[in-house]
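Worth knowing before you read on, the calculation uses all heavy atoms, side chains too, and leaves out hydrogens, waters and symmetry mates.
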Amino acid sequence: MTTQRTALVTGATGYIGGRLVPRLLDAGFAVRVLVRNPSKLADVPWADQVEIVKGDLSDRESLATVFEDVDVLYYLVHSMGSSGNFDGTELDSAKNVASLALKANVKRIVYLGGLHPRGVTLSRHLRSRAAVGSILLQSGVPTIALQAGVVIGSGSTSFEMIRHLTEVLPYMPAPKWVRNFIQPIAVRDVLYYLVKAADIDEPLNRTFDIGGPDVLRYGQMMNGYAVEAGLHQRPIASLPVFTPWLASQWVNLVSPIPRSLAIPIIESLQFECVASEHDIRTYIPDPVGGLTGYRRSVRLALEKMRTGQVETSWQDSDVEGAPADTLPSDPDWAGHTVYTNLQIRETDARPGDVWRVIEGIGGDNGWYSFPLAWAVRGWMDKAVGGVGLRRGRRNPDHLHTGDALDFWRVEQIKRGSFLRLRAEMKVPGPAWLEMSVEPRDGGGTKYTQRAVFFPRGLAGRLYWYSILPFHGFIFPGMANRITQTATAEVERQAEHPEPGEKTDDTRSNTADEIA
């Protein structure tokens with residue numbers, strides 16, 4: 001009888017980790033995930049199939065029992081910040097994991113690092129990733145360190161940067177690194193290697209370079225995207241004046257990628273990142289059908305986007321410097337300065353109809369009030385290195401806890417009744433926006449909308465009062481349009497019912513039908 005193996009996944013709320021967990025479950029593993037904030041996994045489809053443990057890799061005491069009975073530990077945590085002591089924090093976290101995994105007799109560590117050339121001075125981020133790999137390789141636990149370059153998949157930061165630069169710019173002035181050779185790899189192949197690494201029988205302790213079948217210049221990757229997206233190929237001019245800092249400002253300006261995420265990617269593109277060995281094939285055969293070529297990986301990513309099947313996205317990465325604390329309860333406000341804007345509306349539309357409008361807010365649907373004002377606020381945020389308004393949303397119809405939504409993040413959602421968003425734009429103090437619906441006696445819906453802002457110092461107070469005139473029409477207009485849109489949709493359905501659809505005269509208002 002085969003004993004079920006246990007896999008511990010760190011970074012399960014990240015781009016790769018969030019996709020790896022269901023594949024490990026499919027492969028027959030019992031999966032334990034370590035997260036700092038378990039609420040981020042509240043709505044993922046596999047949440048009830050895994051053991052969720054709260055902990056922080058940089059806090060050794062929080063890891064006391066995490067590694068017990070673990071067969072394979074997946075280390076997928078990377079800091080994408082561009083300031084502060086992120087590299088020191090990464091090294092401390094790796095040292096905690098290395099010593100505790102050895103103590104707990106973990107049988108194998110699988111680490112995903114960055115592909116990089118030898119014998120050159122690496123960027124700060126690549127240097128940190130290589131150092132983390134070295135610590136794990138020296139831990140005494142057999143470690144497989146996979147080193148991947150540009151990862152191409154729906155929602156990956158690299159893919160989104162290529163997509164937006166290509167789509168926005170008919171002519172591309174670019175840094176000289178567009179002529180560097182890169183070996184991209186499809187996210188599906190990265191996941192394949194990660195799962196199969198657990199099946200290697202030998203107690204290996206080494207790095208493996210992994211990459212797709214194509215070696216391309218970055219400019220070729222952009223034009224390969226253009227072909228798959230049905231666009232004309234873009235003329236590209238290599239300009240030596242573009243420093244990594246200037247290039248990150250350019251990417252921040254013309255794409256939704258914030259500067260804090262663009263910098264580490266651009267720094268890594270200063271080098272030619274091509275696999276120097278292919279030893280992985282000795283231990284893990286190519287997937288059935290072979291590794292995925294670059295053009296096909298782009299085609300698959302675009303199809304996932306068109307059908308709304310993006311599993312994870314760069315959008316869900318934590319934003320550097322953004323407040324992470326949840327909104328305190330109202331009684332906790334006593335003695336603190338807090339500014340609020342409350343809007344209440346009543347409508348004949350049913351709670352389910354109003355909720356559908358609320359859950360579809362942002363992204364392509366906008367914010368239902370004075371689009372120019374929202375756009376200007378987004379441009380201002382981008383100008384100071386924030387995420388801006390064009391970050392959009394991962395799914396056009398449904399939200400989940402932890403989802404990014406333009407320059408907000410979903411902090412709490414009670415599907416059908418309540419949504420709380422936490423601001424991630426650059427603002428002098430934490431801010432939230434709440435929207436809720438409840439049935440009204442006699443039919444219809446009561447819609448409640450509340451904005452909450454805790455000013456930080458004098459700058460916070462001045463900020464609130466400077467935008468107060470705009471609040472006089474933005475928030476009331478938003479509440480009016482949300483309820484009006486829900487009412488108009490009900491009227492449209494009554495006048496033009498879908499085939500087989502019940503009319504309002506015969507349709508019940510039960511919770512099951514609304515859901």
Side-chain angles (χ1 to χ4, degrees), residues 9-11 14-17 19-20 72-80 87 90-91 93-94 97-98 108-139 141-153 156-159 177 180-200 202 204-216 218 221 264-287 291-292 294 297:
V9 179
T10 65
Y15 179 73
I16 295 293
R19 298 187 180 213
L20 177 63
V72 184
L73 162 64
Y74 285 94
Y75 195 101
L76 304 175
V77 176
H78 297 300
S79 172
M80 291 297 282
D87 41 1
E90 286 195 334
L91 296 185
S93 297
V97 170
R108 167 163 290 151
I109 296 174
V110 179
Y111 171 62
L112 180 62
L115 188 63
H116 58 272
R118 276 69 171 174
V120 299
T121 301
L122 299 174
S123 69
R124 188 180 175 192
H125 284 84
L126 281 179
R127 197 162 59 242
S128 178
R129 289 195 176 192
V132 168
S134 295
I135 290 171
L136 298 177
L137 287 164
Q138 296 168 20
S139 65
V141 179
T143 296
I144 293 175
L146 301 174
Q147 299 181 150
V150 173
V151 176
I152 302 298
S156 78
T157 312
S158 297
F159 173 74
W177 47 253
N180 287 347
F181 283 104
I182 302 167
Q183 191 165 1
I185 183 169
V187 64
R188 60 175 53 204
D189 292 336
V190 174
L191 296 168
Y192 169 80
Y193 282 128
L194 286 169
V195 174
K196 291 298 182 182
D199 295 332
I200 297 176
E202 299 181 38
L204 296 178
N205 194 69
R206 58 160 295 181
T207 63
F208 288 99
D209 291 351
I210 59 173
D214 301 318
V215 176
L216 305 166
Y218 197 81
M221 293 171 62
I265 295 176
I266 290 171
E267 285 181 342
S268 68
L269 294 174
Q270 307 304 303
F271 312 101
E272 292 198 342
C273 292
V274 179
S276 60
E277 46 83 13
H278 304 280
D279 297 351
I280 192 70
R281 288 175 175 166
T282 304
Y283 303 94
I284 301 177
D286 288 349
L291 294 168
T292 309
Y294 172 71
S297 67

Any donor-acceptor N/O pair, [X] side chain to [Y] backbone, under 3.5 Å:
| X | Y | result |
| --- | --- | --- |
| Arg129 | His78 | no |
| His116 | Ser123 | no |
| Ser134 | Ala130 | yes |

Would Ile182 and Leu216 satisfy side-chain contact (heavy atoms from CB on, under 4.5 Å), going step by step from the backbone distance to the final call?
CA-CA 5 Å; Ile182 302 167; Leu216 305 166; over 6 Å; no
Not counting sequence neighbours, which residues clear salt bridge (charged side-chain N to carboxylate O under 4.0 Å, His left out) with [X]? List them please.
| X | value |
| --- | --- |
| Arg281 | Asp286 |
| Asp209 | Arg118 |
| Arg206 | Glu277, Asp279 |

Can you sort out the partners of [X] under side chain to side chain donor-acceptor pair (under 3.5 Å), two or more places apart, ordered by chain and number?
| X | answer |
| --- | --- |
| Gln183 | none |
| Ser297 | none |
| Ser128 | Glu90 |

Can you tell if the side chain of Val77 reaches within under 4.5 Å of the side chain of Ser93, non-hydrogen atoms only?
no
Would you say Leu20 and Val195 make side-chain contact, with heavy atoms under 4.5 Å?
yes
Approximate separation, where rounding is to 0.5 Å, of [X] [atom1] and [Y] [atom2]:
| X | Y | atom1 | atom2 | result |
| --- | --- | --- | --- | --- |
| Thr207 | Leu136 | OG1 | CG | 12.5 Å |
| Arg108 | Leu204 | CZ | CG | 6.0 Å |
| Cys273 | Gln147 | SG | CD | 10.0 Å |

Could you please spell out the steps behind the side-chain contact (heavy atoms from CB on, under 4.5 Å) verdict for Met221 and Ile152?
CA-CA 10 Å; Met221 293 171 62; Ile152 302 298; 4.2 Å; yes
Set of side chain to side chain contact (heavy atoms under 4.5 Å, CB included) partners for Ser156, sequence neighbours left out:
Tyr15, Ser158, Phe159
Could you pull out all residues at least two apart from Arg188 that satisfy side chain to side chain contact (heavy atoms under 4.5 Å, CB included)?
Ala186, Thr292, Arg296, Leu300
Restricting to ring-ring contact (aromatic ring centres under 6.0 Å, His included), what partner residues turn up for [X], sequence neighbours left out?
| X | result |
| --- | --- |
| Tyr192 | none |
| Tyr294 | none |
| Tyr283 | Phe208 |

If we check side-chain contact (heavy atoms from CB on, under 4.5 Å) with Tyr111, which of these qualifies: Val132, Leu146, Leu137, Val97?
Val132
So, applying side-chain contact (heavy atoms from CB on, under 4.5 Å) with Ile109, which one of Asn205, Leu73, Ile144 is it?
Leu73
Using every non-hydrogen atom in the two residues, find where [X] and [Y] come nearest and quote the distance to one decimal.
| X | Y | answer |
| --- | --- | --- |
| Leu122 | Pro117 | CD2-O, 4.0 Å |
| Ile210 | Leu115 | O-CD2, 4.4 Å |
| Leu91 | Ala131 | CD2-CB, 3.5 Å |
| Pro287 | Asp189 | CG-OD1, 3.8 Å |
| Ala148 | Leu112 | CB-CD1, 4.1 Å |

